Amino acid sequence: MKCAKIFNMKLLKVGGIVLGALVGIAVGILLYFSHSLPPLRDISNYNPPLATRIFSADGQLIGEFYLQRRILVPNERIPRLLKQAFVAAEDADFYRHRGVSWMGILRALVKNVEAGRIVQGGSTITQQLVRSLILDRERTLSRKIKEIILARRIEQHLSKDEILYLYLNQIYLGHGNYGIGAASDYYFGKSPDELTLAEMALLAGLPKAPELYSPYKNFELAKRRQWYVLRRMVEEGYISEREARRAYATPLRLRPHKQQLRDVFAYYLEYVRQYLVERYGEKAVYEGGLTVHVAMDSRLQRAAFQAVREGLLALDKRQGYRGPERILSEGEMEEFHLALKEENRNLEVGRVYLGAVTKVEEDRVWVDLGRKEGFIDRKDLDWVDGDLKRGYVIRVKIREMKGETLRLELYQEPEVEGALLAMELPTGYVRAMIGGWDFYRSQFNRALQARRQAGSAFKPIVYAAALNKGFAPSNIVLDAPVVYKEGDEVWRPKNYQERFYGPVTLRFALAHSLNCATLNLARKVGVGYLVRFARKLGFTSPLNPDLSMALGSSSVTLLEMVRAYAVFATGGHLIEPIFVTKVLDRNGKILEERKPLPLEGEFRNYGLEPKGRYNPRVLDEGVAYLITNMLQSVVREGTGWRAKALGWPCAAKTGTTDDYTDAWFIGYTPRLIAGVWVGFDDPRPLGEDETGSRAAAPIWVSFMKEALKGLPPEDFAVPESVIFVRIDPKTGTMASPDEPGVFEPFLKGTEPSTGG
């Protein structure tokens with residue numbers, strides 16, 4: 001008995017020594033790791049990476065730039081019920097532990113042993129915050145020790161509410177979204193304080209495995225996880241059983257994320273991104289949480305996108321069908337059908353899908369889309385040279401759904417490119433910009449970066465230069481064949497359809513885009529004067545210093561063309577385009593703000609000298625009106641006739657280059673100007689008779705109809721320096737009282753005084 005007692009005492013002594021050693025080791029480990037840990041001031045001054053958000057002029061969120069998509073939500077705007085949902089799902093002991101839940105770790109250990117694998121973690125919300133905010137996600141013992149130490153420290157320095165605030169703004173919730181602000185917006189298009197209980201429970205179920213439980217990827221799993229969160233909230237006493245069942249039964253209306261919406265704004269957003277990076281740096285743009293307002297009108301941008309798409313598709317159809325993607329053998333048909341079933345899971349009206357022709361009937365062509373079959377009416381295939389055949393793999397757009405049968409149309413993505421730029425007058429706000437068919441096919445912005453020959457669209461510059469030099473719209477110029485020699489080279493310019501009119505007025509020559517008349521006028525004006533005049537209108541691209549410049553041989557950008565025509569539309573002012581209107585930092589401080597520049601004439605009218613920046617007057621107001629009036633004739637009786645469909649007073653000019661390589665249409669009303677360019681990136685003919693009138697004008701008309709919808713028509717104001725005189729349109733002289741005539745505008749003092 002005595003020996004046993006002595007043995008027990010020795011055992012206790014050894015145990016004490018071992019326990020003391022273990023405690024000493026533990027303390028040593030804690031001290032060792034404590035010295036290498038980051039200070040907590042980095043947490044208390046929470047300044048996480050935030051997404052830069054881009055808003056259109058009409059208040060629509062049109063894009064974001066980020067490495068981590070995060071929208072910071074203030075603590076007071078986080079609903080109590082949302083906090084409770086996350087606590088119930090992720091850390092039931094949150095309000096009871098001091099950073100580490102030993103019971104939680106024990107429960108997780110038991111669960112994992114029972115399952116034979118890791119099915120549950122023991123980390124508290126505080127530990128998750130440490131892992132997300134300070135440490136990496138490496139699964140090592142040293143990282144776990146650091147995590148525990150830091151979690152304890154955080155609990156000593158911050159309140160539970162502060163910890164939840166940090167956690168809910170930091171946690172990853174799938175699809176690139178960090179924090180409840182970004183997640184609420186992404187999944188439901190709401191801010192956190194607008195969420196329903198059903199939506200809160202779904203978000204609270206995401207942290208465990210965000211991509212796995214995403215309702216976009218696996219709706220059933222997401223609903224199961226939502227029910228788990230609701231059950232946990234009932235168990236913790238946050239909600240009643242009835243509330244849980246009602247929330248689970250509430251339909252989830254997920255925010256749609258369509259690729260086309262990104263396509264619509266892509267070129268404009270890329271320009272804004274480049275501007276911001278150049279001005280503020282990449283870190284500020286991708287992590288700084290800037291709020292950026294741009295001049296784009298989202299309705300007009302959508303109209304521009306649709307107009308360009310429809311115009312290029314129509315042109316592409318006129319050139320014919322290029323053939324199937326591939327041709328399947330009979331043995332490949334079944335295998336391809338199975339592949340289509342997997343690929344075309346969700347069929348929607350208006351979208352394009354790959355399919356295989358299965359049967360060709362007299363009035364229909366049947367196409368297999370995998371899960372459903374559809375048909376194309378033969379009458380809609382008149383643009384296809386030859387017949388579609390069984391085994392052809394083609395692209396089709398769904399026009400209509402009727403049960404299991406689809407009505408389809410043959411679809412072919414155009415190879416041709418196009419661009420549109422629209423600017424409000426006289427503000428300079430760029431309301432819409434499309435840089436090509438598809439930003440994801442090519443990021444090259446043809447509205448700003450492409451230099452292309454302007455063709456006949458440059459002619460108004462020549463006529464405006466002549467007016468500025470003293471010519472009048474009624475002056476006569478000869479339209480006749482000409483030959484130019486330069487060394488051994490001979491140039492014989494011709495009119496379209498090789499028709500010549502002899503002596504014509506400047507108005508007639510511009511309206512009918514007569515090449516030879518324009519060249520004769522340019523000779524009288526002088527090439528040097530013409531170059532200097534074009535520079536005044538804002539052209540910065542190299543200009544060919546010879547007569548060919550008069551017919552648009554110089555390569556210029558669409559933006560340059562729009563700015564030059566805007567001089568005519570605004571009474572002679574060179575307008576500064578505005579894309580970005582305001583930039584604010586993450587705290588709401590204004591970093592820059594751009595408002596429309598005042599017009600130089602606004603100062604002069606009051607006898608004042610302008611101070612600071614302004615839009616200078618580079619052309620006499622009367623001359624600007626005269627060329628505008630002449631460009632109205634282009635619409636009424638000349639090559640711009642398609643613009644009459646607008647039903648508005650407008651001035652415009654077509655542009656076509658040799659061999660139909662480039663097609664242009666630039667036109668304006670008193671308050672809005674838009675330019676369109678169409679062509680291939682590698683310059684080659686668009687096709688026979690694909691002029692500016694045929695290829696570009698329909699795009700302009702389609703856009704402008706939508707842009708001006710609901711607005712009352714407005715005519716161009718006549719300056720005081722302009723008078724109208726009745727003249728003989730053939731001779732350009734004053735008409736006698738007994739003969740027919742037309743009223744022609746003149747600058748006061750230049751009008752004809754006698755007839756004959």
Side-chain angles (χ1 to χ4, degrees), residues 271 275 295 421-433 447-449 451 454 457-469 525 528-543 549 552 554-581 594-606 608-631 651-653 655 664 666-675 677 716-717 719 721-722 747:
Y271 172 82
Y275 170 84
L421 189 142
M423 189 166 70
E424 184 180 275
L425 301 173
T427 62
Y429 288 140
V430 178
R431 295 304 193 190
M433 178 175 66
L448 305 179
Q449 297 173 289
R451 284 194 172 107
F458 195 83
K459 287 176 182 173
I461 315 304
V462 179
Y463 287 81
L467 295 174
N468 198 53
K469 212 171 183 183
V525 170
Y529 182 86
L530 190 54
V531 170
R532 294 192 297 275
F533 183 79
R535 293 285 181 226
K536 286 173 59 179
L537 300 189
F539 286 99
T540 57
S541 294
L543 300 173
M549 179 178 66
S554 301
S555 295
V556 296
T557 67
L558 179 59
L559 177 60
E560 286 177 299
M561 293 295 291
V562 169
R563 281 192 79 196
Y565 278 59
V567 172
F568 309 148
T570 59
H573 293 94
L574 183 62
I575 303 298
E576 186 69 27
I578 298 175
F579 292 85
V580 175
T581 57
R594 292 195 64 190
K595 295 181 178 179
L597 295 176
L599 304 179
E600 183 179 2
E602 292 176 353
F603 293 96
R604 307 291 188 200
N605 291 342
Y606 295 97
L608 301 172
E609 288 298 320
K611 295 180 180 179
R613 296 182 64 227
Y614 57 90
N615 286 322
R617 170 161 275 153
V618 296
L619 187 64
D620 178 78
E621 183 181 18
V623 172
Y625 176 79
L626 292 184
I627 191 64
T628 291
N629 190 272
M630 291 170 70
L631 288 171
K653 183 67 181 76
W664 300 77
I666 319 290
Y668 54 91
T669 66
R671 299 296 173 190
L672 186 67
I673 184 168
W677 168 85
F716 297 98
S721 60
V722 171
L747 296 179

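In what follows, residues are counted from 1 in the order of the sequence shown. Fair warning: this is a prediction, and the values are worked out from it, not measured in the lab.
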How about [X] and [Y]: do any of their side-chain heavy atoms sit closer than 4.5 Å?
{"X": "Arg594", "Y": "Val580", "value": "no"}
{"X": "Leu421", "Y": "Leu448", "value": "yes"}
{"X": "Ile627", "Y": "Asn468", "value": "no"}
{"X": "Leu597", "Y": "Ile578", "value": "no"}
{"X": "Phe533", "Y": "Leu619", "value": "yes"}
{"X": "Pro426", "Y": "Leu599", "value": "yes"}
{"X": "Tyr625", "Y": "Leu467", "value": "no"}

Can you name the closest pair of heavy atoms from [X] and [Y] and give their distance?
{"X": "Ala464", "Y": "Val623", "value": "O-CG1, 4.0 Å"}
{"X": "Tyr565", "Y": "Pro460", "value": "OH-CG, 3.2 Å"}
{"X": "Pro596", "Y": "Tyr429", "value": "CD-OH, 3.0 Å"}
{"X": "Ala717", "Y": "Pro719", "value": "O-CD, 3.5 Å"}
{"X": "Val722", "Y": "Leu626", "value": "CG1-CD2, 4.5 Å"}
{"X": "Ala457", "Y": "Trp664", "value": "CB-CB, 3.9 Å"}

Indicate whether any N or O donor in one side chain lies under 3.5 Å from an N or O acceptor in the other, for Arg451 and Thr557.
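No, because no side-chain N or O of Arg451 sits under 3.5 Å from a partner of the opposite role on Thr557.
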Short side-chain donor-acceptor distance under 3.5 Å, Thr628 and Tyr668
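Yes, side-chain donor-acceptor contact under 3.5 Å.
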Test item: [X] side-chain N/O and [Y] main-chain N/O as donor-acceptor pair under 3.5 Å:
{"X": "Arg431", "Y": "Ala295", "value": "yes"}
{"X": "Arg617", "Y": "Gly571", "value": "yes"}
{"X": "Glu560", "Y": "Thr540", "value": "yes"}
{"X": "Arg535", "Y": "Phe539", "value": "yes"}
{"X": "Asn615", "Y": "Glu576", "value": "yes"}

Centre-to-centre under 6.0 Å for Phe458 and Tyr463, is that the case here?
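Not under 6.0 Å, so no.
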Taking the inter-plane angle between the rings of Tyr271 and Tyr275 on a 0 to 90° scale, is it parallel (under 30°), tilted (30 to 60°) or perpendicular (over 60°)?
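Parallel, since the angle between the ring planes stays under 30°.
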Straight-line distance of [X] [atom1] to [Y] [atom2], nearest 0.5 Å:
{"X": "Lys595", "Y": "Thr581", "atom1": "NZ", "atom2": "OG1", "result": "10.5 Å"}
{"X": "Arg563", "Y": "Thr570", "atom1": "CZ", "atom2": "OG1", "result": "10.5 Å"}
{"X": "Ile461", "Y": "Lys536", "atom1": "CD1", "atom2": "NZ", "result": "12.5 Å"}
{"X": "Phe568", "Y": "His573", "atom1": "CZ", "atom2": "NE2", "result": "14.5 Å"}
{"X": "Met561", "Y": "Trp677", "atom1": "CE", "atom2": "CH2", "result": "13.5 Å"}

Before giving the answer on side-chain contact (heavy atoms from CB on, under 4.5 Å), spell out for Val567 and Val618 the whole-Å C-alpha distance, their side-chain angles and the decisive distance to 0.1 Å.
CA-CA 8 Å; Val567 172; Val618 296; 3.8 Å; yes
Tyr529 six-ring face occupied by Lys469 cation (under 6.0 Å, within 45°):
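Pair Lys469/Tyr529 counts as cation-pi.
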Please walk me through it: do Leu558 and Ile666 pass side-chain contact (heavy atoms from CB on, under 4.5 Å)?
CA-CA 9 Å; Leu558 179 59; Ile666 319 290; 4.0 Å; yes
Verdict with supporting geometry, Met423 and Ile575, side-chain contact (heavy atoms from CB on, under 4.5 Å)
CA-CA 10 Å; Met423 189 166 70; Ile575 303 298; 4.3 Å; yes
